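As the structure lists them, so they are numbered: ligands from 1, and atoms in each ligand from 1. Numbers here simply count residues along the sequence, with the first being 1. All figures in this text were calculated on a predicted structure; none of them were measured in a lab.
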Amino acid sequence: MQSDITSFDEYKKVHQQSITDKEAYWEQKAETFDWHRKWDKVHSGSFEDGNVKWFEGGKLNITENCLDRHLDEHGDKVAFHFEANDPDEGPRNLTYSELHEEVCKFANVLESKGVGKGDRVAIYMAMTPEIAIATLACARIGAVHSIVFAGFSAQSLADRIQDCDAEMLITNDGLERGTKLVPLKEISDKALQSCPMVNDVIVCQRVGNDIDWEEGRDEWWHDLMANASADHEAEVMEAEDPLFILYTSGSTGKPKGQVHTCGGYMTYVSSTLKNVFQVGQDDVYWCTADAGWITGHSYIIYGPLLNGLTGIIFESTPMHPNPGRLWQVCEKYEVTHFYTSPTAIRALMKEDISYVRDCDLSSLEVLGTVGEPINEEAWHWYDEEIGNGNCPIVDTWWQTETGGMMISPMAGITPTKPGYATLPLPGIEPALMDEDGNEIEGNDVQGNLVIKQPWPGMTRGVWGNHERYMNTYFNKYPGYYFTGDGCRRDEDGYYRITGRVDDVLNVSGHRLGTAEIENAIDEHNKVVEAAIVGYPHDVKGEGVFAFMTCNSEIADPEAFKKEIDDLVAKIISPIAKPDKIQIVQGLPKTRSGKIMRRILRKIAAGETDDLGDTSTLVDPSVVDDIIDGQAY
Ligand code: WTA
């Protein structure tokens, strides 16, 4: 099962071939899976028309490739170790056979509730094996899952359920992360007040907290599973049938439901995991993300199972019960391949080094990062303290929209450079564009990152809104996929992502739209208008800075900040709470009424000597007021 690329020269050759003849490359990858019917066409459609298709005519079920396919040879192999929030909770491991059985049973449960192919099912759950079982059971019956990160508010959950018209919600009574209890059922009940389309709620018991119960709508997971049959024949899906919808923030409006499809996504996540991490059959692979984000979809659930790996489902946080938790878990399961976020690394490197040194990390072979740029200091700490200088670091750049990793070293093959995602994976052809739509040639250059050719894992649409799909990704540079990221290509042709070029923030690796946070803050009865910008934050990467004008004097700014925090947590999620707020007399606006965020970003970063041209502002004096003002 080793990757088919084993040296840097081979990488260069395969990459070149894969660009010249992408169909041959991806067809060969797709052939490694079980299909009910082979495709008629490897690829069709274009970025211009927004109608990309892969493996059309092919029929498959992704869960047969995740589960059934492995049963004969290694049904007894552990698919997931479960590491609960409480480190003393007893062990729970699910083998491939056991996971298969649970998924089949839950697939039968879903069908008994009338859910079928194409129906949408929302999943709002704790990080226990049941989130993977629910997800895979949907895929098995052809229902389209939409996982909502369990840190989102009732309103965010409701927005997502309404947008995709989900008819069922699967949740827990509650979850515990660290010392916090999140009452998932209570939040779900609140969300469902505005979701009449949801007829069924399945509640998986986790915490035992008190919950309300709506007869006729709510049912316990364990009651339904008690009598479910473990035989289930997977629904045969078209390659291009939707597999899931996952919402992600953009620069404007509400989050967009990215649609991923069965055949292309399967082929893409599986082969990228193998190439980047160079995983083998005996490896223990741990991705610390949450299943509510794309990283969890692709590299906790689907990718590792497609490769027949042993993975870990981790319910807790890096800080619980102490900042050595991640390293303790690595030691406990003898993790070989470890994948986390720069934010976690930055937070943990501030802690006492004995938390690391007390653990035996000698099993580690490859270290990965994802979600945001990694600064050089964090990269070196990861390399030296965690990897002991022996483990290649794979800094993987990709997006919810891309389905899987796009630009990344291949472990032990691509020479790495701190802070660089390095080179495109096979089948991926990046380019840099200037603002006028010209491709920037050569090396030692910087521009907007685009992708030149379709790849199987790419988003096939924004749920219910083709125009938004086209406008966001394809209309800015016709013939290219626009990523929204800025990027530098250095003298060696290596890529370094510099961050978003649109109004999207990346806070601790979470994508947040400035407009979403502004709209939430605008709901406060004292706020006239808010403007959100990001600023450099030494742990989160980017912090949220909220400037706002108010309609009356704010006597107690600290208390007011708390009200703003609560409001943002309630409307979006605690992850979107501003780190700083500043009440201002006016926001810097152009004559056309546009807020000049460029200036606010400079002020938030403390770079007030270098504000650039302010002459186009209606009232340049507001800038001095803001500089002199105080943030809380
Ligand atoms: C950022 C997460 C720098 C980038 C998989 C992208 C990164 C956004 C990296 C997507 C990286 C992701 N280096 N920046 N290695 N990986 N990003 O959709 O701005 O949650 O556009 O997907 O995260 O975030 P998303």
Side-chain angles (χ1 to χ4, degrees), residues 147-149 151-152 244-251 255-260 265 268-269 272-273 276 287-300 302-303 339-346 367-376 378-379 382 393-409 414 416-425 428 430 448-451 457-459 462 472-473 481-489 494-514 516 534 540-542 573 575-576:
I147 308 184
V148 180
F149 171 58
F152 275 123
F244 65 86
I245 303 170
L246 180 59
Y247 286 83
T248 188
S249 296
S251 43
K256 295 185 279 287
Q258 302 297 340
V259 179
H260 285 283
Y265 176 81
Y268 196 71
V269 296
T272 49
L273 177 61
V276 170
C287 167
T288 69
D290 190 284
W293 308 112
I294 192 68
T295 307
H297 283 63
S298 301
Y299 299 116
I300 294 178
Y302 288 111
Y339 194 22
T340 195
S341 67
T343 291
I345 297 165
R346 283 192 298 264
L367 303 174
T369 69
V370 58
E372 41 175 334
I374 179 163
N375 48 311
E376 289 194 23
W379 196 98
Y382 200 29
I393 294 186
V394 290
D395 172 355
T396 65
W397 172 83
W398 57 293
Q399 310 178 296
T400 305
E401 294 87 338
T402 68
M405 303 182 269
M406 299 284 281
I407 303 181
S408 169
T414 316
T416 55
K417 275 188 204 182
Y420 281 78
T422 72
L423 296 169
L425 294 177
I428 302 304
N448 289 341
L449 180 64
V450 296
I451 307 295
M458 64 178 271
T459 168
V462 170
T472 312
Y473 306 109
Y481 165 81
F482 175 49
T483 65
D485 279 319
C487 184
R488 179 175 137 68
R489 186 166 55 221
Y494 268 40
Y495 290 85
R496 178 191 189 114
I497 311 302
T498 52
R500 301 289 304 192
V501 294
D502 53 10
D503 289 326
V504 170
L505 306 185
N506 192 328
V507 178
S508 303
H510 301 317
R511 251 169 96 167
L512 301 170
T514 49
E516 274 176 88
K540 297 178 170 188
E542 208 167 16
S573 161
I575 60 178

J.: At a heavy-atom distance under 4.0 Å, which protein residues reach ligand 1? Sort them by chain and number, would you?
T.: Ile294, Thr295, Val370, Gly371, Glu372, Pro373, Asp395, Thr396, Trp397, Trp398, Gln399, Thr400, Asp485, Ile497, Arg500, Asn506, Arg511

J.: Once ring pair (Phe, Tyr, Trp, His ring centres under 6.0 Å) is applied, do any residues pair with Trp397, and if so which ones, sequence neighbours excluded?
T.: none

J.: Using side chain to side chain donor-acceptor pair (under 3.5 Å) as the criterion, list what pairs up with Thr288, not counting sequence neighbours.
T.: Thr340

J.: Between the side chains of Tyr299 and Thr272, is a donor N or O closer than 3.5 angstrom to an acceptor N or O?
T.: yes

J.: Once ring pair (Phe, Tyr, Trp, His ring centres under 6.0 Å) is applied, do any residues pair with Phe244, and if so which ones, sequence neighbours excluded?
T.: His145, His260, Tyr265, His297

J.: With side chains defined as the heavy atoms from C-beta onward, is the minimum distance between Tyr339 and Val394 less than 4.5 Å?
T.: no

J.: Would you kindly say whether Glu372 and Thr343 are connected by a side-chain donor-acceptor distance under 3.5 Å?
T.: yes

